[in-house]
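Take a look at the structure set out below.
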Amino acid sequence: MNIKPLADRVVIKMIEKETKNEFGLFLPDSAKEKPQVAEVVAVGPGTKDVKMELKVGDQVICSKYAGTEVKLNDVTYSILKQSDVLAIVE
């Protein structure tokens, strides 16, 4: 099963941060911040008013609590509007 976003939405997968700190200690899940860097895995077609600027494979920075989380095949994705993406990481 695949996720195909509609209109001006994109599907992203968060890029996990290292679970160890700079001292080599493992951090529990409760001590980690929610990551903000993600990879675009699917892009909708856009609308007549919104041209899609993102493409599959782009690494992006998005708002912390933007979008809707969806779990598919034990992988968590977020579906959000292109306008919730703040920047492309180059």
Taking only residues two or more places apart in sequence, or in another chain, which ones meet Asp84 in a salt bridge (Lys or Arg N to Asp or Glu O under 4.0 Å)? none

In terms of heavy-atom contacts, Val37 and Gln59 come closest through CG1-OE1, 4.4 Å

Any side-chain heavy-atom pair of Val70 and Thr76 under 4.5 Å: no

To the nearest 0.5 Å, what is the distance between CG (Asp8) and NZ (Lys48)? 13.5 Å

Could you pull out the closest heavy-atom pair between Leu86 and Cys62, with the gap in Å? CD1-C, 4.0 Å

Can you tell me how far apart CZ (Arg9) and NZ (Lys81) are? Round to the nearest 0.5 Å. 5.0 Å

State, to 0.1 Å, how close Glu69 and Ser78 come at their nearest heavy-atom pair, and which atoms those are. CG-OG, 3.8 Å

Would a 4.5 Å heavy-atom cut-off, applied to side chains only, mark Val89 and Val60 as touching? no

Salt bridge (Lys or Arg N to Asp or Glu O under 4.0 Å) against Lys71, all qualifying residues, sequence neighbours excluded: none

Distance-only donor-acceptor pairs under 3.5 Å for side chains of residues 49-56, two or more places apart:
from: Lys55; atom 1: NZ; to: Asp58; atom 2: OD1; distance (Å): 3.1

Could you please spell out the steps behind the side chain to side chain contact (heavy atoms under 4.5 Å, CB included) verdict for Ile61 and Val85? CA-CA 6 Å; Ile61 298 173; Val85 173; over 6 Å; no

Can you name the nearest heavy-atom pair linking Leu6 to Pro45, along with the distance? C-CD, 4.2 Å

Give, for atom CD of Gln36 and atom CE of Met14, the distance between the pair rounded to the nearest 0.5 Å. 7.5 Å

Would you check if Leu80 and Ile12 make a side-chain contact, meaning some heavy-atom pair closer than 4.5 Å? yes

Heavy-atom closest pair (Val11 atom, Tyr77 atom, distance to 0.1 Å) is CG1-CB, 3.9 Å

